[in-house]
*Asks:* 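Dropping the structure in here first, questions after.
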Amino acid sequence: MAITVTLPDGKELELPDGATGADAASAIGPGLARAALAVEVPGAGNGDGPEVRDLARPLPDGARLAILTDRSGPQALQLIRHDAAHVLAAAVTDLYPGVKISIGPPIDDGFYYDFEFPAGTTVSEADFPQIEERMRAHVKAAEPFERQDLAVAVARERFAADGQDYKVELIDDLVSAGGPDEPLETVSLYTNGPFTDLCRGPHGPSTKSIGAFRLGSVAGAYWRGDSTRTMLTRIYGTAFFSKAELEEHLERLEQAKARDHRKLGRDLGLFTFSEVSPGAAFWLPAGTSVYNALVGLSRQMGSERGYSEVKTPQIYDSELWKTSGHWDKYKEHMFLVESEGREMGVKPMNCPGHAHLFGARRHSYRDLPVRFFEPGLLHRNEPSGVLHGLLRVRHFAQDDAHIFCTEEQVEEEVRSCLEMAFETYALFDFDVRLELSTRPEQRIGSDEMWDRAEAKLLSTLQELGLTYELNPGDGAFYGPKIDIHMTDSLGRSWQLGTVQLDYSMPERFELSYTGADNQEHRPVMIHRALFGSYERFIGIMLEHYAGELPLWLAPVQAIVLPVSDRFNDYAAAVRDGVAGEGARVELDSRSESVGRKIREAELRKIPYMLVVGQREQQDEAVSVREHRAGDLGSMPLKEFRDRLRGELYSAALKPSKSSERRA
RNA sequence: GCCGGAGUAGCUCAGCUGGUAGAGCACCUGUCUUGUAAACAGGGGGUCACGGGUUCGAGUCCCGUCUCCGGCCCCA
């Protein structure tokens, strides 16, 4: 008896019946046999993708297979990181008797394992050297990963006897997930050295494949992500095939720290934080300049697209929040104040104010859509533990707009919101991801309303041919939404823009417009923010540009640097001339060397440095140095002004309504 | 909010087992009059996050609070 398998190059390989992935690798060549980590075979059917399996498992006849080695990319890396997680658990169980293990998967750039340490034991990064040493011993010993398929009851008994409650719970859940129709008979266990774990696999042949690893940090994590359950101790680490790759990875992390917006904000003098108002930025003049440039862009793009700017109050009687539903669903995140016996709430969102404003006047169907824009200041009492630089604050402003329209206008409005969002992000070269978030458990409004709203968002996404991720249960309490996400310098994902469809608030505020039939009708409300919050957007943007803001956003666009204070008068004239082009320009008239002035201007990442001395004064010229590009040489002042005017104009973003729509 | 860690000058940090707080940069003053990434000299600046405790004596040890950092839960 023999089986035949097909290799990636199309060649067929004949192997004895019962041959394993390891046998296939040896049959191809001894080098591959040594390098092989696992084997990829077609999935078990039911539409799954290919399945990665241990080398030691028998191959199915007729399979098209691929042997994974250290050169197989992310899949192979994931495999050894999963291996490394088990080695971490082995080391920790060696060192901390009585520790309970839970789960330890590979993640994007590493792995983690969650433990419950015995009462009174805490683990910190100071313990890493010891744990890593133990891990190294296990890796060096080249302990094989051995799979064992055990009857459910046997496995359960084994973990129960060991006091491994989390594993017992996992087995019980696997059993109930299987259901009565397809009862689960066995579970797989993997053993490496002294350590055995409940694990679906696959794993590499032995711990030896883990070329280089490093523990990163320790953190708390709720068991099963549930804040009502035990807080476990999570140890993060990463692993690579070679020491060089690990070093490279650590180097990248180091560099990422240099573009952390919190550091850039301080170094560039944009904003600062203080204990006197946790979660609220203090914007310095330079930062305020950037902030205002973005608000200006919102205003300009909005007014070109039929938005009207409005202003609504900061503080409202609790009655308004009861009407909007925030009192029930959001109160704990609101700042409350009391005034003359009235309970008031500081607004965490603009929507109720805008709904009230819409309702304050009569509207005809001819007026719709009504689009209210307000870069409104919001306060949300976020839990202290979630605050994070500009990316998560308590005090911020959104580029918030609410569109009141007819049922028929919804798709067109959602579409133009998305198009406007993409035009906005294109200005910053942002590469964003979309998520469609559907009805959450905590919600208001009928199921029919949710059906309708979700269907409309879905159809618009499909019509525009946009790819998106589905995020079930993550909608706002009043409606489903399309969220726009971006990652920060360390790969953490943050939501920026959002487009939310809301049938509920118009109902609660009893909003209406007069239709062509002279009857009252209920408008639909669309909530949208494209930047999301200016704070978060600026944080992400700083990291995206590593602080090198494009000319139109730079707080100081040009700085004049006289070579000595004998030329301060000419330098002032240059400054005034350049300012005449509408540029933000400074003069550095200090009695310092030109070298120092240039160095400081470079560190401030100012786009243009204009060096002036004897020669320039004589010729009415400036010597232009461009940030990063270096010395561009001397040119007539007039020529520089023309150049700057052109760049400011083209960069001043004049997106027009007629600009091509993005497909 | 939860788990762990940290808080010394504006910034980056030093300060061993408790014995009266230090460096570089930044800032101020003076000299230099500077040509494409740091001139030279001098000077000011810290209730060592805050509050309690132990001690003859606390930046250092203990407790509490606040803030920040890394995650978790949550979120724009």
Side-chain angles (χ1 to χ4, degrees), chain A residues 112 114 116-117 122-127 216-236 260 262-263 266-267 269 272-279 330 332-333 348-349 378 380-394 396-400 474 476 481 483-486 490 492-498 500 527 529-537 539-540 561-568 590-603 609-616 623-628 630-634:
Chain A
Y112 66 79
D114 285 349
E116 184 185 346
F117 286 92
T122 56
V123 169
S124 75
E125 287 174 28
D127 301 305
S217 58
V218 55
Y222 296 111
W223 167 234
R224 312 210 108 175
D226 182 343
S227 61
T228 64
R229 305 204 59 182
T230 319
M231 175 69 72
L232 303 173
T233 301
R234 174 170 298 179
I235 297 178
Y236 284 94
D260 187 314
R262 290 165 296 189
K263 176 174 163 54
R266 194 173 52 231
D267 293 350
T272 179
F273 286 91
S274 161
E275 290 190 19
V276 299
S277 186
Y330 206 80
E332 71 211 71
H333 293 294
M349 297 171 183
L378 309 177
R380 297 185 185 176
N381 198 359
E382 302 287 355
S384 56
V386 305
L387 302 177
H388 185 98
L390 288 180
L391 301 185
R392 187 76 180 270
V393 286
R394 288 191 175 138
F396 60 102
Q398 289 184 316
D399 61 321
D400 206 4
D474 207 35
K481 53 183 188 161
D483 288 333
I484 303 167
H485 288 249
M486 190 60 200
L490 291 171
R492 293 175 289 216
S493 177
W494 296 91
Q495 182 187 325
L496 296 177
T498 183
Q500 311 179 349
H527 308 237
L530 308 183
F531 290 105
S533 78
Y534 294 106
E535 281 76 4
R536 182 175 286 180
F537 191 89
I540 293 285
L561 309 177
V563 157
S564 100
D565 45 21
R566 291 206 313 272
F567 309 108
N568 278 353
R590 293 173 307 161
S591 162
E592 289 289 351
S593 71
V594 135
R596 167 172 288 258
K597 291 179 182 180
I598 285 173
R599 175 181 158 76
E600 291 179 7
E602 286 284 357
L603 290 174
M609 287 148 275
L610 307 174
V611 179
V612 297
Q614 183 67 47
R615 298 194 291 273
E616 288 76 14
S623 187
V624 180
R625 181 186 167 104
E626 195 177 350
H627 175 58
R628 301 202 66 129
D631 193 355
L632 303 185
S634 178

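Quick caveat, the model's predicted, so the values are computed rather than measured. To find a chain, count down the sequence lines: A is the first, B the second, and so on, and within it residues start at 1.
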*Asks:* If B/rC72 has a Watson-Crick or G-U wobble mate with both distances under 3.5 Å, name it; if not, just say none.
*Replies:* B/rG1
*Asks:* Ignoring hydrogens and angles, answer whether the base of B/rC3 and the side-chain atoms of A/Arg234 contain a donor-acceptor pair closer than 3.5 Å.
*Replies:* no
*Asks:* Is it true that a side-chain atom of A/Arg394 and a backbone atom of A/Asn381 form a donor plus acceptor pair closer than 3.5 Å?
*Replies:*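 Answer holds: no.
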*Asks:* I'd like a list of close polar pairs between nucleotides 9-15 of chain B and the protein, N/O only, cut-off under 3.5 Å.
*Replies:*
| residue | atom | partner | partner atom | Å |
| --- | --- | --- | --- | --- |
| B/rU12 | OP1 | A/Arg266 | NH2 | 3.2 |

*Asks:* Using the C1' atom on both, measure B/rG45 against B/rC27 and round to a whole Å.
*Replies:*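 9 Å, rounded to whole Å.
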*Asks:* On a whole-Å scale, what distance lies between the C1' atoms belonging to B/rA9 and B/rU55?
*Replies:*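 That atom pair is separated by 29 Å.
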*Asks:* Let me see the working for A/Phe567 and A/Gln614 under side chain to side chain contact (heavy atoms under 4.5 Å, CB included), right down to the final yes or no.
*Replies:* CA-CA 7 Å; A/Phe567 309 108; A/Gln614 183 67 47; 3.7 Å; yes
*Asks:* From CZ of A/Arg229 over to C1' of B/rC3, roughly how many Å is that when rounded to an integer?
*Replies:*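 From A/Arg229 CZ to B/rC3 C1': 17 Å.
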*Asks:* So, is A/His388 near the phosphate of B/rG70, with a side-chain N or O under 4.0 Å from OP1 or OP2?
*Replies:* yes
*Asks:* If you define the side chain from C-beta out and look only at heavy atoms, does anything of A/Ser623 sit under 4.5 Å from A/Met609?
*Replies:* no
*Asks:* Could you tell me if the side chain of A/Thr122 sits less than 4.5 Å from the side chain of A/Phe117, heavy atoms only?
*Replies:* no
*Asks:* Whether A/Gln495 contacts B/rA76 is assessed here as follows: a side-chain N or O lying under 4.0 Å from the phosphate OP1 or OP2. Is that the case?
*Replies:*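 It does, given that an N or O in the side chain of A/Gln495 lies less than 4.0 Å from OP1 or OP2 of B/rA76.
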*Asks:* Could you please name the option among B/rG70, B/rG35, B/rG71 that lies closest to any side-chain atom of A/Val563?
*Replies:* B/rG35
*Asks:* Nearest of B/rA76, B/rU34, B/rG71 to any side-chain atom of A/Arg492?
*Replies:* B/rG71
*Asks:* Show me the protein contacts with nucleotides 23-30 of chain B, counting only N or O atoms at under 3.5 Å.
*Replies:*
| residue | atom | partner | partner atom | Å |
| --- | --- | --- | --- | --- |
| B/rA26 | OP1 | A/Arg596 | NH1 | 3.0 |

*Asks:* Holding to side-chain contact (heavy atoms from CB on, under 4.5 Å), I want the full list of residues that pass it with A/Asp483, two or more places apart in sequence or in another chain.
*Replies:* A/Glu435, A/Ser437, A/Lys481, A/His485, A/Gln495, A/Thr498
*Asks:* Let me know the distance between CG of A/Asp565 and P of B/rC32, rounded to the nearest Å.
*Replies:*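 Rounded to whole Å, this separation is 11 Å.
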*Asks:* Describe the nucleic acid contact of A/Leu561 in one word from base, sugar-phosphate, nothing, applying a heavy-atom distance below 4.0 Å.
*Replies:*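 The residue A/Leu561 makes no contact with any strand.
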*Asks:* Going through the distances and angles, do A/Asp114 and A/Trp223 end up as a side chain to side chain contact (heavy atoms under 4.5 Å, CB included)?
*Replies:* CA-CA 8 Å; A/Asp114 285 349; A/Trp223 167 234; over 6 Å; no
*Asks:* What is the separation between atom CE on A/Met231 and atom C1' on B/rG4, rounded to the nearest whole Å?
*Replies:* 10 Å
*Asks:* Does B/rA6 pair with anything, Watson-Crick or G-U wobble, both distances under 3.5 Å, and if so, with which nucleotide?
*Replies:*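 Paired with B/rA6, as far as the under-3.5 Å criterion goes, is B/rU67.
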*Asks:* When you measure from the side chain of A/Lys597 to the backbone of A/Val611, do you find a donor-acceptor pair of N or O atoms at a distance under 3.5 Å?
*Replies:* no
*Asks:* In plain terms, say whether A/Arg262 and A/Asp260 are close enough for a salt bridge, that is, a side-chain N and a carboxylate O under 4.0 Å apart.
*Replies:*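 Result for this pair is yes, salt bridge flagged.
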*Asks:* Establish whether the base of B/rA37 is bridged to the side chain of A/Arg625 by a donor-acceptor pair shorter than 3.5 Å.
*Replies:* yes
*Asks:* Which nucleotide sits closest to the side chain of A/Val594: B/rA76, B/rG35, B/rG4?
*Replies:*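 When the side chain of A/Val594 is considered, B/rG35 is the closest of B/rA76, B/rG35, B/rG4.
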*Asks:* Whole Å only: how far is the CG atom of A/Asn381 from the P atom of B/rC75?
*Replies:* 15 Å
*Asks:* Does the side-chain ring of A/Phe396 sit on the six-membered ring of the B/rA76 base, less than 5.5 Å centre to centre and under 30° in tilt?
*Replies:* yes
*Asks:* Consider the side chain of A/Glu592, meaning its heavy atoms from C-beta on, and name the nucleotide among B/rC74, B/rG35, B/rA39 that approaches it most closely.
*Replies:* B/rA39
*Asks:* Where the side chain of A/Lys481 is defined as all heavy atoms beyond and including C-beta, which of B/rA76, B/rU34, B/rA37 is the nearest nucleotide?
*Replies:* B/rA76
*Asks:* Output a table of nitrogen or oxygen pairs between the protein and nucleotides 66-68 of chain B separated by less than 3.5 Å.
*Replies:*
none

*Asks:* Once side-chain contact (heavy atoms from CB on, under 4.5 Å) is applied, do any residues pair with A/Leu632, and if so which ones, sequence neighbours excluded?
*Replies:* A/Val624, A/Glu626, A/Arg643
*Asks:* Using a cut-off of 4.0 Å on non-hydrogen atoms, how would the nucleic acid contact of A/Ser227 be classed: base, sugar-phosphate, or nothing?
*Replies:*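 The answer is sugar-phosphate, as A/Ser227 gets under 4.0 Å only of primed atoms, P, OP1 or OP2.
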*Asks:* Classify the nucleic acid contact of A/Ala221 as base, sugar-phosphate or nothing, counting any heavy atom under 4.0 Å across all strands shown.
*Replies:*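 Sugar-phosphate contact only.
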*Asks:* Any side-chain heavy atom of A/Glu600 within less than 4.5 Å of one from A/Arg590?
*Replies:* yes
*Asks:* Among B/rA76, B/rG35, B/rU36, which nucleotide has an atom closest to any side-chain atom of A/Glu382?
*Replies:*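 Closest of the options to the side chain of A/Glu382: B/rA76.
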*Asks:* Of A/Val123 and A/Ile598, whose closest RNA chain B nucleotide lies nearer the 5' terminus?
*Replies:* A/Val123
*Asks:* Under 4.0 angstrom, heavy atoms only, what part of the nucleic acid is A/Glu616 near: base, sugar-phosphate, or nothing?
*Replies:*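 Here A/Glu616 touches the bases of the nucleic acid.
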*Asks:* Let's see if you can work this out: which of B/rC73, B/rC32, B/rA39 has an atom nearest to the side-chain heavy atoms of A/Ser591?
*Replies:*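 Side chain of A/Ser591 sits closest to B/rC32.
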*Asks:* Name all residues meeting the side-chain contact (heavy atoms from CB on, under 4.5 Å) criterion together with A/Arg599; count only those two or more places apart in sequence or in a different chain, and write none if there are none.
*Replies:*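 side-chain contact (heavy atoms from CB on, under 4.5 Å) check on A/Arg599 returns A/Leu603.
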*Asks:* Report the nucleotide, chosen from B/rU34, B/rC75, B/rA37, that has the shortest atom-to-atom distance to any side-chain atom of A/Arg599.
*Replies:* B/rA37
*Asks:* Nearest to the side chain of A/Arg566, heavy atoms from C-beta on, is which of B/rA37, B/rC72, B/rU33?
*Replies:* B/rU33
*Asks:* Between P on B/rC75 and CG on A/Leu496, what's the gap in Å once rounded to a whole number?
*Replies:* 16 Å
*Asks:* At under 4.0 Å between heavy atoms, what does A/Gly225 touch on the DNA or RNA strands: base, sugar-phosphate, or nothing?
*Replies:* sugar-phosphate
*Asks:* I need the CG-C1' distance between A/Leu232 and B/rC3, as an integer number of Å.
*Replies:* 10 Å
*Asks:* May I ask you to decide if A/Pro348's main-chain N or O and A/Arg380's side chain share a donor-acceptor pair within less than 3.5 Å?
*Replies:* yes
*Asks:* Please report the distance separating the C1' of B/rU47 from the corresponding atom of B/rU31, rounded so that it comes out in whole Å.
*Replies:* 38 Å
*Asks:* Between A/Val218 and A/Ser564, which residue's closest nucleotide on RNA chain B lies nearer the 5′ terminus?
*Replies:* A/Ser564
*Asks:* Measure from the side chain of A/Tyr236, starting at C-beta and using heavy atoms only, and say which of B/rC72, B/rA76, B/rG4 lies closest.
*Replies:*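 Among the listed nucleotides, the one closest to the side chain of A/Tyr236 is B/rC72.
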*Asks:* Quick check: does any side chain N or O of A/Glu535 sit under 3.5 Å from a backbone N or O of A/Ala397, one acting as donor and the other as acceptor?
*Replies:*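 Yes: the side chain of A/Glu535 pairs with the backbone of A/Ala397.
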*Asks:* May I ask you to say what A/Gly613 touches in the nucleic acid, namely base, sugar-phosphate or nothing, with a heavy-atom cut-off under 4.0 Å?
*Replies:* base
*Asks:* Give a yes or no answer on whether the side chain of A/Asp399 reaches the backbone of A/Gly532 with a donor-acceptor pair at less than 3.5 Å.
*Replies:* yes
*Asks:* With hydrogens left out and only the distance checked, is there a donor-acceptor pair under 3.5 Å joining A/Thr122's side chain and the base of B/rC3?
*Replies:* no
*Asks:* Rounded to whole Å, please give me the gap between CG in A/Asp399 and P in B/rA76.
*Replies:* 13 Å
*Asks:* Answer with base, sugar-phosphate or nothing: what part of the nucleic acid does A/Glu535 contact at a heavy-atom distance below 4.0 Å?
*Replies:*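 Answer is nothing: A/Glu535 stays at 4.0 Å or more from every strand.
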*Asks:* Check whether more than 12 heavy atoms from other residues, nucleotides or ligands sit under 6.0 Å from atom CZ of A/Arg492, and answer yes or no.
*Replies:* yes
*Asks:* Keeping the roles fixed (side chain from A/Arg392, backbone from A/Leu387), state whether a donor-acceptor pair exists under 3.5 Å.
*Replies:* no
*Asks:* In whole Å, what is the span from the CH2 atom of A/Trp223 to the C1' atom of B/rC73?
*Replies:* 16 Å
